[in-house]
**Q** 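Starting off with a structure, shown below.
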Amino acid sequence: MEETNISRDFIREIIDADIASGKHSEIVTRFPPEPNGYLHIGHAKSICTNFGIAAEFAGRCNLRFDDTNPVKEDIEYVEAIENDVKWLGFKWDTLHFASDYFDRMYMLAEQLISKGLAYVCDLSPEDTRAYRGTLTKPGRNSPFRNRSVEENLELFRRMKDGEFAEGSRTLRAKIDMTSPTMCLRDPHMYRILHKDHHRTGSKWCIYPMYDFAHCLEDSTEGITHSICTLEFEVNRPLYNWYLEKLDIFRSRQIEFARLNLSYTVLSKRFLRKLVEEGFVNGWDDPRMPTISGLRRRGVPAAAIRSFCSIIGLAKRNSTVDIALFEHSIREKLNKTAPRAMSVLNPVKLVIENYPEDRTEHFDYVVNPEDESAGTRATPFTKELYIERDDFMEDPPRKFFRMGPGREVRLRYAYLVTCTGVIKDEDGNITEIRCTYDPDTKGGNAPDGRRVKGTLHWVSAAHSFPAEVRLYDRLFNKENPMDNEDGVDFTSHLNPGSLSTVTNCMVEDHMKNNEPGYVCQFERKGYFSIDPDSTPEKMVFNRTITLRDSWKKLHGKKK
RNA sequence: UGGCGAAUCGUCCAAUGGCAGGACAUCGGUCUCUGGAUCCGAUAAUCGGGGUUCGACUCCCUGUUCGCCAGCCA
C-alpha cells in the first residue's frame, strides 16, 4: 500500500520482538466489529492497523463479526461492514462469525465447569450487583458458588435446553469476588436470552458474554496479536485467565487509544441519535464521519488510509484536529482529481466584440499535478457565465478580479476588459459586459502585459444547471461532547453544515460521469457526483474546499 | 476513595541514558494562467517536586492531572 510509516509504533515493536524471539513465525490479526451499526473513521484506524500490520509482516488478517448479542445485532449491518472494509482497500484472509463458534464455546464452558472453575448462579441481576461490591469494597461469594460439578453440568445443560426464564440463571467463572479488578469478580460467561439470532435462528437461548467469547474466537483462529482499544485494558487479565485455564492457543491482547476527531462525534450511540432523530439524512449523509458518509462525500479511501497512517498509534487518549484529516483529503485529491470549470453562483458575461456565431475550443489541462492526465478541449463562446463573487463594482484593495475597466484573464481563453454592467430595476447586476483582446488567445498577451486575476468560466451554450450541496463541519464546537453548560451535543450542530445551491452552471462534459466521480471545480474545491443525481438533474457534493487565503484575508465572507 | 493505564510544541506522533525531531495548524516570504498546488523560512513542547548519573523526555521516589472498570453490552 502507498502509506509509509515514518517510525515504528509500540505495537509493531512488540511484533518485531515476537518475530525476533521466534515466538511467532506468522502474524495473524483480525478486525472484529459487532454488527450493530455502521463503521466510522474510528473503525478505519483499527482496520488500517490490523490489515496493515498483517500485510507488512506477510501475515493474515481476518474479518470477524462479533455477533454474540442477538438483541442488538442485525444482518443488515453485516453487508454494510463488509462493503466498507472492501472499499477501504482491504481483503480479509477468512470471514468468520463468532456465532460459528457457539458449539465450541459451549464445549469449553463445560470444560471449565468440569475443572471446578465455573458455576451456574441463580442470583437475580439486582442481587448479583449487590454481591459484587464496589470499586472500593470487595464482593461476597454467591450462595450458589459451591454447587457440585455434576449439578452445574446438569443445570448448564438445562439452561441450554431452554428450561429457564431469561435472567433467572447465568454461568459464571469462579475466580475471586474480592479482586480489586472488577471483571475478575466471578464474571458472567453465559446469559439466557430467548431471542432468535440473525444467523443461528432459534438454535440457542443462551449466549456467551464478550469476555468469554472474544478470547476464544481469537484463540480458535490462531490470532497472534489481538489489537483492540484502550477500554479493554482492564479486561486483559480475564482474557488471559480463560486461555490459561482452558490451555488453548494464547493470543495476546494489545490495546491502543481509539481515535477522537475534533468537530465531530465518533460514538455509535450518538451517531445513531443523529440519524434516528433526523439531524442528518441517514448513515451515509456526507456530513457523517461514517465510512459510507465519507465515501458519498467524495473522500478517497486512500486519503483515509494515509490519514490513519499519519496520526500514529499510541496509548494516550487524544483528539486529532480535523484539519489534519482535511489536509489528507486535499493532498490526495490534488494529485488525482481531474479539473473542471463550474460556476456555482453564475452571472452572465457577454463579450461585446466576440462574434455571435463563433465557438472556439481551448486546450484544458486536466490535472496540472498529473501530466499523464493530458488535456481536453473546452468550448468558448460570446456568452459565458462567471462567478458573481468574481466581480465588484467598487473593488477593495488587493481584489485581483473583475471590476469596471479592469482587465482579467479568462482561464485558458482570452484577456477581457470589463466595459460595464446591466442591472434590473432593483439594482441587481444581471449581466456584465466586456471586450476581449483577440491577440491574447490562449490567455497570454504578446506584449507581455500581466493581469493579476484569472477567472474560471463556462460557455452558456455548453453548460447546464445542476444542484450543488456545500458541506461544512458537522459541529461548530471543537468537542461537541463537552457539555459543561449542561446542553445536549445536538445543540452544537453547525446550522451551516449543509447549504444547497441550485442552478450552478456545469460544463456539459460532466454529464458523462457517474455518481462517485470526484473532480476539482477550479478555485472552488473538490466535488463528487452524488447518487441522488438523475439525467434530468445532476447533484454534486462539495467534498472539501480548496485552501483559500483570500477568504482568510477578509474573514468569513457570505 | 480500590485497581489498571496515560502524561512531549496549539494538535497528533517520534526520540528507548547522549544535539527534543516530523506532520497539521498559525505567521511570513517565493512562485504561479486555480488568491489552489509547489518551494523557503519563522513561531512553538518534555505535568510539578526530589533523587540516581559526566549526562535524564527516558531510570527511581513523590505529588498532580486525565482516561478506563462496579451490564446478564461490546
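Naming convention: chains lettered A, B, ... in sequence-line order (proteins, then strands); numbering from 1 in each chain.
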**Q** Could A:K160 and A:Y106 be counted as a cation-pi pair, given that NZ or CZ must be under 6.0 Å from the ring centre and within 45° of the axis?
**A** yes

**Q** Check every strand shown and say whether A:R316 touches a base, only sugar-phosphate, or nothing at a heavy-atom separation below 4.0 Å.
**A**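 Contact class for A:R316: sugar-phosphate only.
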
**Q** Taking atom types as modelled and ignoring hydrogens, do the side chains of A:E244 and A:Y239 form a donor-acceptor contact shorter than 3.5 angstrom?
**A** no

**Q** Rounding to an integer number of Å, can you tell me how far A:M402 CE sits from B:G35 C1'?
**A**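 Atom CE in A:M402 sits about 17 Å away from atom C1' in B:G35.
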
**Q** Between A:D66 and A:H214, is there a side-chain donor-acceptor contact under 3.5 Å, judged purely by atom types and distance?
**A**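 Indeed, the side chains of A:H214 and A:D66 share at least one donor-acceptor pair under 3.5 Å.
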
**Q** Syn or anti for B:G71, given that syn means the glycosidic angle lies within 90° of 0?
**A** syn

**Q** Quick one, give me the B/S/- string for nucleotides 66-72 of chain B, reading 5' to 3', where B means a protein heavy atom under 4.0 Å from the base and S means that only happens at the primed atoms, P, OP1 or OP2.
**A** -SBBBSB

**Q** Quick one: what's the B/S/- string for nucleotides 27-32 of chain B, heavy-atom cutoff under 4.0 Å, read 5' to 3'?
**A** S-----

**Q** Report which part of the nucleic acid A:R185 touches: base, sugar-phosphate, or nothing (heavy-atom distance under 4.0 Å, all strands).
**A** nothing

**Q** Could you list the protein-to-nucleotides 56-58 of chain B atom pairs, N/O on both sides, closer than 3.5 Å?
**A**
none

**Q** Using a 4.0 Å heavy-atom cut-off across all strands, classify A:L313 as base, sugar-phosphate, or nothing.
**A** sugar-phosphate

**Q** What residues form a ring-ring contact (aromatic ring centres under 6.0 Å, His included) with A:F97, not counting sequence neighbours?
**A** A:F65

**Q** Side chain of A:R401, base of B:G35: donor and acceptor closer than 3.5 Å?
**A**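 For A:R401, whose side chain was compared with the base of B:G35, there is a donor-acceptor pair (under 3.5 Å).
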
**Q** Measure up the A:W204 and A:F102 rings against each other and bin them: parallel (under 30°), tilted (30 to 60°), perpendicular (over 60°).
**A** perpendicular

**Q** Identify, with sequence neighbours excluded, every residue that meets salt bridge (Lys or Arg N to Asp or Glu O under 4.0 Å) alongside A:D84.
**A** A:R295

**Q** Check ring-ring contact (aromatic ring centres under 6.0 Å, His included) between A:F164 and all other residues, then give those that pass, not counting sequence neighbours.
**A** none

**Q** Base, sugar-phosphate, or nothing for A:K137, non-hydrogen atoms under 4.0 angstrom?
**A** nothing

**Q** Pairs under 3.5 angstrom only: tabulate donor-acceptor contacts from the side chains of residues 168-178 of chain A to other protein residues two or more places apart or in another chain.
**A**
| unit_1 | atom_1 | unit_2 | atom_2 | d |
| --- | --- | --- | --- | --- |
| A:S168 | OG | A:A165 | N | 3.4 |
| A:S168 | OG | A:A165 | O | 2.6 |
| A:R169 | NH1 | A:D122 | OD1 | 3.0 |
| A:R169 | NH1 | A:D122 | OD2 | 2.8 |
| A:T170 | OG1 | A:H188 | ND1 | 3.2 |
| A:R172 | NH1 | A:D186 | O | 2.8 |
| A:K174 | NZ | A:R145 | O | 3.2 |
| A:D176 | OD1 | A:T178 | N | 2.8 |
| A:D176 | OD1 | A:T178 | OG1 | 2.7 |
| A:D176 | OD2 | A:T178 | OG1 | 3.4 |

**Q** Give A:P368 one of three labels, base, sugar-phosphate or nothing, depending on what nucleic acid heavy atoms sit under 4.0 Å from its own.
**A** base

**Q** Toss me the dot-bracket line for RNA chain B: Watson-Crick and G-U wobble, both under 3.5 Å, 5' to 3', using | for pairs to another strand and [ ] for crossers.
**A** .((((((..((((....[..)))).((((.........))))....(((((..]....))))))))))).....

**Q** For the pair made of NZ in A:K524 and C1' in B:G35, what is the distance, rounded to whole Å?
**A** 11 Å

**Q** Regarding A:Y210 and A:N235, do their side chains bring together a donor and an acceptor under 3.5 Å, going by distance alone?
**A**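 No.
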
**Q** According to side chain to side chain contact (heavy atoms under 4.5 Å, CB included), who are the partners of A:D437, at least two apart in sequence or on a separate chain?
**A**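 Result, side chain to side chain contact (heavy atoms under 4.5 Å, CB included) vs A:D437: A:D439, A:T440, A:R449.
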
**Q** Tell me the salt bridge (Lys or Arg N to Asp or Glu O under 4.0 Å) pairs involving residues 308-320 of chain A, sequence neighbours left out?
**A**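 Of all non-adjacent pairs touching residues 308-320 of chain A, those that pass salt bridge (Lys or Arg N to Asp or Glu O under 4.0 Å) are A:E233-A:K315, A:E255-A:K315.
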
**Q** Can a cation-pi geometry be assigned to A:R542 and A:Y471, taking NZ or CZ under 6.0 Å from the six-membered ring centre and within 45° of the ring axis?
**A**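 Pair A:R542/A:Y471 does not count as cation-pi.
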
**Q** Without hydrogens or angle criteria, can the side chains of A:Y101 and A:E221 be said to hold a donor-acceptor pair below 3.5 Å?
**A**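 Yes, a side-chain donor-acceptor pair sits under 3.5 Å.
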
**Q** Between protein and nucleic acid, restricted to nucleotides 38-45 of chain B and to nitrogen or oxygen atoms under 3.5 Å apart, what atom pairs and distances do you find?
**A**
none

**Q** Taking ring-ring contact (aromatic ring centres under 6.0 Å, His included) as the definition, give me every residue that meets it alongside A:F307, ordered by chain and number, with sequence neighbours left out.
**A**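 Partners of A:F307 by the ring-ring contact (aromatic ring centres under 6.0 Å, His included) criterion, ordered by chain and then number, come out as A:F325.
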
**Q** Using heavy-atom distances to pick each residue's nearest nucleotide on RNA chain B, tell me which of A:K441 and A:A257 is more 5'.
**A**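 Checking each residue's closest nucleotide, the 5'-ward one belongs to A:A257.
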
**Q** Once you round it to whole Å, what is the distance between C1' of B:A25 and CZ of A:R330?
**A**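 Between C1' of B:A25 and CZ of A:R330: 12 Å.
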
**Q** Within less than 4.0 Å of OP1 or OP2 of B:G36, is there a side-chain N or O belonging to A:S549?
**A** yes

**Q** Using a heavy-atom cut-off of under 4.0 Å over every strand shown, decide if A:L546 touches base, sugar-phosphate, or nothing.
**A** base

**Q** Closer to the 5' end of RNA chain B via nearest nucleotide, is it A:E478 or A:G443?
**A** A:E478

**Q** With a 4.0 Å cut-off on heavy atoms, is A:E255 in touch with a base, just the backbone sugar-phosphate, or nothing at all?
**A** nothing

**Q** Report which part of the nucleic acid A:N444 touches: base, sugar-phosphate, or nothing (heavy-atom distance under 4.0 Å, all strands).
**A** base

**Q** According to a cutoff of under 5.5 Å between the ring centres and under 30° between the ring planes, does A:W550 stack with the base of B:G35?
**A** yes

**Q** What contact category does A:T319 fall into here, base, sugar-phosphate, or nothing, at under 4.0 angstrom with non-hydrogen atoms?
**A** sugar-phosphate

**Q** For A:R252 and A:H225, does a side-chain donor sit closer than 3.5 Å to a side-chain acceptor?
**A** no

**Q** Mind calculating the distance between CD1 (A:I310) and P (B:G21) to the nearest angstrom?
**A** 19 Å

**Q** Does a side-chain N-to-carboxylate-O contact under 4.0 Å join A:R376 and A:E507?
**A** yes

**Q** Among side-chain atoms of A:E34 and A:N36, is any donor-acceptor pair under 3.5 angstrom?
**A** yes

